[in-house]
Structures are given as structure tokens and as C-alpha cells.
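Structure first, then comments.
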Amino acid sequence: IHTTSRLHFQDFLHYPDIRVKAGNFAFLTGRSGAGKSTYLRLLNGSIPADPGCIFYRGIPLEEYQILPYRKQVLLVPQGVYLAPGTILENFHFYYDARRQPRLEAARAEDFLRLCCLDFPVDTPCDSLSGGERQRVFLAIFLSLATDVVLLDEPTAALDEATAQQVLSNLKDYCSAQGLTALCVCHSPKLVELFADQVIVVGEEL
């Protein structure tokens, strides 16, 4: 993914020239209010740049059909949405919404373990803590990722030890699957431990 230095959003967020190398586990950092979450939404095509250019695999974003593009450049938002029901029913909810074949229970459990959750998939989601819900949500989205995954503070609700293990697992998984990741994170320690590339926004351009 490449965005040019002309990338703006509503005249108050301005981004430098940014390139994320394919296969990198990259981190997006910067002061509060610098537009990190907005940048992920721009990359995903959820909101339009005004003005600016976003390129994916060397092709301008506007030349892609947006819904297939968003499946390739997948945004995992900071806000967690889980429907009433079990963990597996929530996997089914998102797969049905994308008109994709449902994931088998054993495979769903693999993604839960990837996110440091040792729960049966028939566990009701309303019995989970905030951090557990965040990881179930992350597990569902990771199972859907095919090319690029944009992670908006995926460990915000986790203690330091769990956050480190989750990010270690994610980096290993992305490397094994050939996924490119761009992660918003406020922890300098986690960035230092896991970043292949660090991108800073919000500085004077």
C-alpha cells in the first residue's frame, strides 16, 4: 500500500508519503488526534480522501470495486461488535454477511487460540469480559483476512503480558500466511518488540 503526501482528510488531517511493504508487520504511531484510525479507514476505503491518492499493488484505489477491495484490505475496527449468541454463531454471522461458506468449529477454535483464548465455540458471548470479547472479534476478522489486515488498537483492552503474546502470535501467523499488517498501537514497548516498520503520523510535515 502506498499513499502520497497529498493525502488529506477534511482539511485538518494531512499525511506524509507512506509506503507499507508487502509482508511487513508495520505499526502506525503518533500523538492522540493525529488521525491514525482515520488513516486505516482511508486505506480500507471506508471514507474518501479529500484530496489524495491511495495505491494498492500500484493501482489507484478508485479503480477497484470497493466491496471486493475491502475483503482484500480488511479493517479490524477498534469498536467491538458481537451479536447475541455463541462465539461460533458470531463467526457464522460475519461469514454469512460476506456470503462465504461457514467456518468449521475446529477451525474457529484455531483462531481463538491464536488470540490466546481457550474457550469452546459454544461459549455465550455475553459471558465474556471486555478483553475476551475484543479477542473473539479479532479472531473472527483474522479468519477472514486474505491480503492486508488493518488493526486498530487490537490489544487496547489487554494486560501487557497477554498483549505481547497476542501480537507475537499475530506476527507469526501473518508471516506464515503472507499477510501484510498495519497496526495502530500506543505502546512503545510493543512497537519495539514487533515492528518491521514504524510509521509516525501527526508530526510537522
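Below, each value reflects all heavy atoms present in this structure, side chains not excepted, and no hydrogens, waters or symmetry copies. Note that the coordinates shown come from a computational prediction; the quantities given were computed from them, not determined experimentally.
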key: CA sep, side-chain torsions, deciding dist, call: Leu179, Val148, side chain to side chain contact (heavy atoms under 4.5 Å, CB included)   = CA-CA 6 Å; Leu179 295 174; Val148 177; over 6 Å; no

key: Residues that Pro60 engages under side chain to side chain contact (heavy atoms under 4.5 Å, CB included), provided they are two or more places apart   = Phe55, Glu62, Glu63

task = If a pair satisfies salt bridge (charged side-chain N to carboxylate O under 4.0 Å, His left out) and one of its residues is in residues 168-180, list it, with sequence neighbours excluded.
result = Lys171-Asp196

note = Sorted by chain and residue number, the side-chain hydrogen bond (donor to acceptor under 3.5 Å, both in side chains) partners of Ser187 (sequence neighbours excluded) come out as none

ask   = Do Pro154 and Val166 come within less than 4.5 Å of each other through their side chains, counting heavy atoms only?
value = no

task = Kindly compute the distance separating CG (Leu74) from CG (Asn44), expressed to the nearest 0.5 Å.
result = 7.5 Å

key: Nearest-0.5 Å distance that lies between atom SG in Cys174 and atom CG in Leu142   = 6.5 Å

message = Under the rule for ring-ring contact (aromatic ring centres under 6.0 Å, His included), what residues qualify as partners of Tyr173, not counting sequence neighbours?
response = Phe111

Please set out all donor-acceptor pairs under 3.5 angstrom arising from side-chain atoms of residues 113-125, sequence neighbours excluded.
from, atom 1, to, atom 2, distance (Å)
Arg113, NH2, Asp110, OD1, 2.5
Thr123, OG1, Pro120, O, 2.7

note = Here the salt bridge (charged side-chain N to carboxylate O under 4.0 Å, His left out) pairs for residues 74-96, sequence neighbours left out, are Asp96-Arg102

request  = Could you walk me through whether Leu151 and Val184 pass side chain to side chain contact (heavy atoms under 4.5 Å, CB included), step by step?
outcome  = CA-CA 6 Å; Leu151 303 159; Val184 171; over 6 Å; no

task = Quick one: pull up CD1 in Ile66 and CG in Leu61 and give me the separation to the nearest 0.5 Å.
result = 5.0 Å

ask   = What salt bridge (charged side-chain N to carboxylate O under 4.0 Å, His left out) pairs are there with at least one residue in residues 65-78, not counting sequence neighbours?
value = none

inquiry  = For Gln72, I'd like to know if atom CD has over 12 heavy atoms of other residues, nucleotides or ligands within 6.0 Å.
reply    = yes

request  = Please check if the side chain of Asn24 supplies one atom and the backbone of Ala26 the other of a donor-acceptor pair under 3.5 Å.
outcome  = no

task = Scan residues 125-170 for pairs that pass ring pair (Phe, Tyr, Trp, His ring centres under 6.0 Å), counting only residues two or more places apart or in two chains.
result = Tyr94-Phe141, Phe137-Phe141

task = Answer yes or no: is there a donor N or O on one side and an acceptor on the other, between the side chain of Asp126 and the main chain of Gly85, under 3.5 Å?
result = no

inquiry  = To the closest 0.5 Å, what do you measure between OG1 (Thr38) and CG (Leu42)?
reply    = 6.5 Å

ask   = salt bridge (Lys or Arg N to Asp or Glu O under 4.0 Å) with Glu160: which residues, sequence neighbours excluded?
value = Lys189

Sequence neighbours excluded - salt bridge (charged side-chain N to carboxylate O under 4.0 Å, His left out) pairs with any residue from residues 137-158 = Arg57-Asp147

request  = Verify, without hydrogens or angle tests, whether Lys36 (side chain) and Arg31 (backbone) share a donor-acceptor contact under 3.5 angstrom.
outcome  = yes

Identified side chain to side chain contact (heavy atoms under 4.5 Å, CB included) partner of Arg133 from the options Leu128, Leu138, Ile87, Asn90 = Leu128

request  = Run the numbers on Leu150 and Val76 for side chain to side chain contact (heavy atoms under 4.5 Å, CB included), then give the verdict.
outcome  = CA-CA 6 Å; Leu150 307 172; Val76 185; over 6 Å; no

task = Report the residues that fulfil side chain to side chain contact (heavy atoms under 4.5 Å, CB included) with Glu192, sequence neighbours left out, ordered by chain and then residue number.
result = none

query = With side chains defined as the heavy atoms from C-beta onward, is the minimum distance between Ser143 and Tyr95 less than 4.5 Å?
reply = yes

ask   = So Leu182 and Ile199, side chain to side chain contact (heavy atoms under 4.5 Å, CB included) or not? Walk me through it.
value = CA-CA 9 Å; Leu182 180 58; Ile199 299 161; 4.1 Å; yes

ask   = Is there a donor-acceptor pair closer than 3.5 Å between any side-chain N or O of Gln197 and the backbone N or O of Arg19?
value = yes

query = For Phe25, which residues count as a ring-ring contact (aromatic ring centres under 6.0 Å, His included) partner, sequence neighbours excluded?
reply = Phe27

inquiry  = Would the distance check show the side chain of Thr155 and the main-chain N or O of Ala163 forming a donor-acceptor pair, the cut-off being under 3.5 Å?
reply    = no

remark   = One should read off an interatomic distance between Leu193 CG and Gln164 CD, to the nearest 0.5 angstrom, of 5.0 Å

inquiry  = Angle between ring planes, Tyr64 versus Tyr69, binned at 30° and 60°: parallel, tilted or perpendicular?
reply    = tilted

task = Supply the atom-to-atom distance Arg135 CZ to Ile140 CD1, rounded to the nearest 0.5 angstrom.
result = 13.5 Å

